[in-house]
Engineer: 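There's a structure below that I have some questions on.
Here, residue 1 is the first one in the sequence, and each next residue gets the next number.
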Amino acid sequence: MHNDPQYSSSPWNHLQKLKDALPPEVDDAGNVEYKLKLVDPSIERLDHLITQMKWRLSEGGGEAMYELGVDDDGTLVGLSAEDMSASVDTLRQMADALDADVSIIRELTMDQFGSKPEPRKNSHKVLEALIRRRPKDQQQQFTDIRIAMLGGHGEGKSTLLGCITHGIQDNGRGRARLSCARHRHEIESGRTSSISHEIIGYDADGHLINYASTHNISTWEQICEASSKVITFLDLCGHAKYLRTTISGMTGYSPDYAALVISASTNVGISEMAREHLSLAVMLDVPVLVIVTKVDVASRNQLGRTLNSLVQLLRAPGMNKVPVIVRDDNDSRSCASHLARGGPEIPIFLVSNVTGTNVDLLERFFNYLPRPTKNYDALLEEPVEFQVEEVYSLSDIGPVIGGVLRRGRININEDAIRRTYHLGPDSTGAFVKVTVDSIHRHRVPTHYVHCGQAATLAIKSTELENWRIQRGMVLLGIDVPSSYFEFEVDLIVLYHPTGVTVGTCGMVHSGSVRQRARVVSISSSTTTNTSSSSSTPSSSPSSSATTTTTTTTKEAHLEEYNATKTQNSSSHPSTDQIIPSGSEGRCVLRFMNEPKYLCNEAQILFMEGKAKCLGRVIQLINTT
C-alpha cells in the first residue's frame with residue numbers, strides 16, 4: 001500500500017501526469033493567482049495588480065497563493081533568474097501596499113519536472129509564494145481557522161494537542177495531555193468530557209507561535225499579538241458517553257476543518273467511535289484530515305492493519321475519498337490546497353507524540369492550510385445572528401456570552417442603538433433587548449467581529465435582572481424576532497432501524513440548538529436509488545451512516561407541502577407515511593420542550609441511538 005503512487009501524488013511532484021502544468025486558474029473564486037511575470041509594470045498596471053491581490057486576499061481570509069512563471073491555463077513556462085527576481089520585487093511591492101508579507105514557499109527549475117524543455121529554459125524557474133496580511137494592533141486582523149479534533153477515547157487527541165500547543169514531547173504515559181485537561185476528573189481518567197480550546201499561531205514568515213516559542217509566549221493574548229494566522233483547536237470528547245457533547249461542538253462552533261485522530265497500535269483497525277466521528281464530519285460537510293498516532297509503538301502488522309482499514313473506509317461507497325499519505329512538504333502544500341477546495345483527497349499524517357516523528361510536518365501543514373472559501377461577503381451584509389454556546393458572568397463586567405457569529409457584523413464603535421439586539425428565546429419564546437458593550441476574540445479586546453468568527457460579547461440591559469441566559473439562545477439584529485415549536489424539513493434518512501414515521505422522536509441539532517423533537521406529520525417520501533442506499537442497512541450506526549453520506553450533498557426538491565398535521569401517533573401509519581433508510585422525504589417536526597429560533601435553509605441533524613437523519617429547514621410554522 002505504501003508504494004501505491006496515488007498516496008503521494010502531488011501536482012508539484014508528478015507534473016508529468018499533467019503534461020507539465022498545474023490545474024487551470026479559477027478566475028472568479030479562490031485565493032490562488034497565476035502570473036507569468038511581473039516585470040516593471042506601469043503605474044496603471046500596478047494599481048490593477050494590487051486590486052487583484054486585495055480580492056485574492058479577501059477570498060482566502062487574509063491569505064493568497066501566487067504562482068509565478070505559470071500561465072493562466074496552468075502551463076509551466078518558467079522565468080529567467082533576472083525576470084524572477086524582478087517579479088518577486090513587484091510582488092513584495094504589491095503586498096506592501098496592502099500591509100501584507102510575502103513568503104517564498106518553493107522555487108523549482110524547469111528541469112525538475114521530468115520533461116524535456118528547450119535548453120535555454122533548463123535554468124528557468126517557477127515560484128510559489130504565500131501572501132499573508134500583517135496583524136494590526138489589537139484589531140484582530142489575523143486569519144482565524146477552527147479545527148475540531150475527533151477520534152475515540154485513547155487515540156491521542158489531547159496528547160497531540162499538548163505536543164503542538166505547548167511544545168511538550170510525551171513520555172508515553174500522558175504527560176503532554178495534562179496541559180490540555182480542564183477538570184480534575186479528566187486528569188484522573190484521561191477522558192475529555194468537555195469542549196476545550198487551544199490555540200497556536202504563525203507569523204508572517206510561517207514560524208510557529210506557541211507556548212514553547214522563543215518569544216516568551218505565555219498567554220493567548222501574546223500568541224495573537226505575534227501572529228498573522230491563528231489556529232483554534234476544539235478538543236472534542238472521544239468516549240461514547242459524551243457523544244452528544246461532541247455533536248454539539250461540531251454543530252455549534254462550525255469548525256472549518258476536522259482532524260480525525262486514530263491510534264496505530266490497536267489490533268482492531270479503526271474503532272467504532274472513530275467511524276462515528278468520521279461519519280458526523282462527512283454529514284456536516286466538514287473537510288477531514290487524518291492523523292495516525294503512536295506509530296513509534298505500533299508493530300508493522302498493526303500499522304498495516306490500521307492503514308488498510310482506513311483506506312477501505314475512505315474508499316467505501318458514499319465516501320469515495322482518495323487517501324494521500326503526507327511524506328514531505330510538497331505533499332503537505334498540495335493537500336492543504338486540495339482540502340480547502342473540497343477535493344476528494346484526504347491527507348494522512350503518521351506521527352508519534354513521544355519521538356516527535358512528523359509532528360513538525362503536521363505543524364507546517366497547518367501553516368499552509370487556508371481558510372475554506374465561503375461567501376462571507378454576502379453573509380456580512382445580513383442582519384446579525386450570533387449563536388450562544390457559552391454563558392458566564394464576571395463581577396466587574398456582568399453577563400458574557402460566547403459563540404459564533406453566523407451572519408452580519410457587530411461593531412462597538414457604532415452608537416448604542418445600532419448595537420442593540422434581541423436575545424432569546426426563553427422557555428416561553430420571548431426575547432429581551434440587550435446592548436453589546438465589548439467584544440473579545442481569543443481573549444483579546446477588539447472593536448468588531450465579522451460573520452464566521454468566534455467571539456465573546458459582554459452585554460448589558462435593564463431587563464436582564466430576572467432573565468436566565470442559556471446556551472442555545474441567539475442574538476438577533478432583526479426588528480421582530482420569532483421562535484417556533486414546529487418546522488418543516490426535507491429529511492434524508494441515512495439510517496433508521498424501522499424508518500421514520502409519525503411519532504418518531506429524536507434529538508435535533510442545529511447550530512447551538514439541541515432539543516428533542518417529534519415527527520408530527522409526513523407529507524411525502526422518495527426512495528433514493530443509489531448504490532449506497534440500495535444495500536441492506538448495517539446494524540452498525542457508523543457504517544450505515546458512512547455508506548449513505550452521498551445523499552448529504554443532495555438538495556431535496558419535492559412537491560409543495562399540502563398535507564394536514566397528524567396528531568394521532570398511536571395509529572399504524574400507512575406505507576406512504578414511512579421514510580425508510582436510504583430515502584428522503586418531507587415532514588414536520590415539533591420541539592417537545594420549548595420553542596427555539598431557527599431560520600429557513602438551516603441544516604439539522606435528527607438523531608436517536610443508531611438512527612441518523614440529515615435535513616434542511618424549508619418552512620417555519622407559527623403555532624399558538
Side-chain angles (χ1 to χ4, degrees), residues 1-4 6-8 147-164 168-177 180 190-192 233 235-240 246 257-281 288-316 319 321-328 331-332 335 339 345-366 540 542-543 546:
M1 186 194 69
H2 293 280
N3 296 323
D4 191 336
Q6 74 170 314
Y7 290 113
S8 59
I147 300 178
M149 304 296 289
L150 301 175
H153 168 63
E155 308 278 10
K157 301 186 300 299
S158 299
T159 302
L160 177 63
L161 278 187
C163 294
I164 294 174
I168 302 173
Q169 275 197 351
D170 192 50
N171 60 358
R173 297 185 297 276
R175 179 180 65 180
R177 71 172 173 80
C180 299
R191 295 179 182 175
T192 300
F233 296 102
D235 189 12
L236 302 181
C237 313
H239 197 274
T246 297
Y257 300 95
L260 179 68
V261 181
I262 59 177
S263 171
S265 61
T266 65
N267 294 314
V268 295
I270 310 300
S271 68
E272 285 302 311
M273 193 49 55
R275 293 173 184 267
E276 189 81 24
H277 287 186
L278 177 61
S279 70
L280 174 63
V288 180
L289 63 127
V290 179
I291 305 171
V292 181
T293 60
K294 305 182 183 180
V295 296
D296 57 314
V297 296
S299 66
R300 186 179 182 88
N301 288 337
Q302 287 176 325
L303 180 59
R305 186 180 299 110
T306 300
L307 291 177
N308 283 327
S309 298
L310 178 61
V311 169
Q312 290 175 12
L313 179 61
L314 295 177
R315 287 177 167 176
M319 288 290 292
K321 299 297 184 180
V322 179
V324 180
I325 293 183
V326 180
R327 306 178 188 277
D328 53 33
D331 291 342
S332 184
C335 287
L339 193 64
E345 296 84 359
I346 294 249
I348 302 173
F349 293 85
L350 308 179
V351 306
S352 168
N353 299 323
V354 175
T355 64
T357 301
N358 287 335
V359 172
D360 58 341
L361 183 62
L362 182 62
E363 292 170 347
R364 292 195 295 275
F365 172 81
F366 291 141
S540 168
S542 54
S543 62
T546 302

Engineer: Any side-chain heavy-atom pair from Leu339 and Tyr257 closer than 4.5 angstrom?
Structural biologist: yes
Engineer: Using side chain to side chain contact (heavy atoms under 4.5 Å, CB included) as the criterion, point out the one residue from Val290, Ile348, Ile291, Leu307 that pairs with Ile262.
Structural biologist: Val290
Engineer: Indicate yes or no: at least one non-hydrogen side-chain atom of Thr246 is less than 4.5 angstrom from one of Glu276.
Structural biologist: no
Engineer: Who are the salt bridge (charged side-chain N to carboxylate O under 4.0 Å, His left out) partners of Arg364, not counting sequence neighbours?
Structural biologist: Asp329, Asp360
Engineer: Is there side-chain contact between Thr266 and Ser271, with at least one heavy-atom pair below 4.5 Å?
Structural biologist: no
Engineer: Using every non-hydrogen atom in the two residues, find where Ala258 and Leu150 come nearest and quote the distance to one decimal.
Structural biologist: CB-CD1, 3.8 Å
Engineer: Rounded to the nearest 0.5 Å, how far apart are CZ of Phe365 and CG of Leu289?
Structural biologist: 5.0 Å
Engineer: Looking at every heavy atom in both Pro347 and Cys335, which two are closest together, and how far apart are they?
Structural biologist: CB-CB, 3.8 Å
Engineer: Rounded to the nearest 0.5 Å, what separates atom CZ in Arg315 from atom NZ in Lys321?
Structural biologist: 14.0 Å
Engineer: Measure the CG-CG distance between Leu350 and Leu362 for me, rounded to the nearest 0.5 Å.
Structural biologist: 11.0 Å
Engineer: Roughly how far, to the nearest 0.5 Å, is the CD atom of Glu155 from the NE2 atom of His153?
Structural biologist: 9.5 Å
Engineer: Between Lys157 and Met149, what is the shortest heavy-atom contact and its length?
Structural biologist: CD-O, 3.7 Å
Engineer: Minimum heavy-atom separation for Lys294 to Ser263, with atom names?
Structural biologist: CD-OG, 3.3 Å
Engineer: Quick one: does Leu278's side chain get under 4.5 Å of Val288's, heavy atoms only?
Structural biologist: yes
Engineer: Roughly how far, to the nearest 0.5 Å, is the CG atom of Leu313 from the CE atom of Met319?
Structural biologist: 5.5 Å
Engineer: Measure across His277 and Leu260 and return the closest heavy-atom pair with its distance rounded to 0.1 Å.
Structural biologist: CB-CD1, 4.3 Å
Engineer: Heavy atoms only: give me the nearest Asn353-Gly156 pair and the separation to one decimal.
Structural biologist: ND2-O, 3.8 Å
Engineer: Going from OG1 on Thr306 to CD1 on Ile270, what distance comes out if it is rounded to the nearest 0.5 angstrom?
Structural biologist: 6.0 Å
Engineer: Kindly indicate whether the side chain of Ile346, heavy atoms from C-beta on, has any atom under 4.5 Å from the side chain of Pro323.
Structural biologist: no
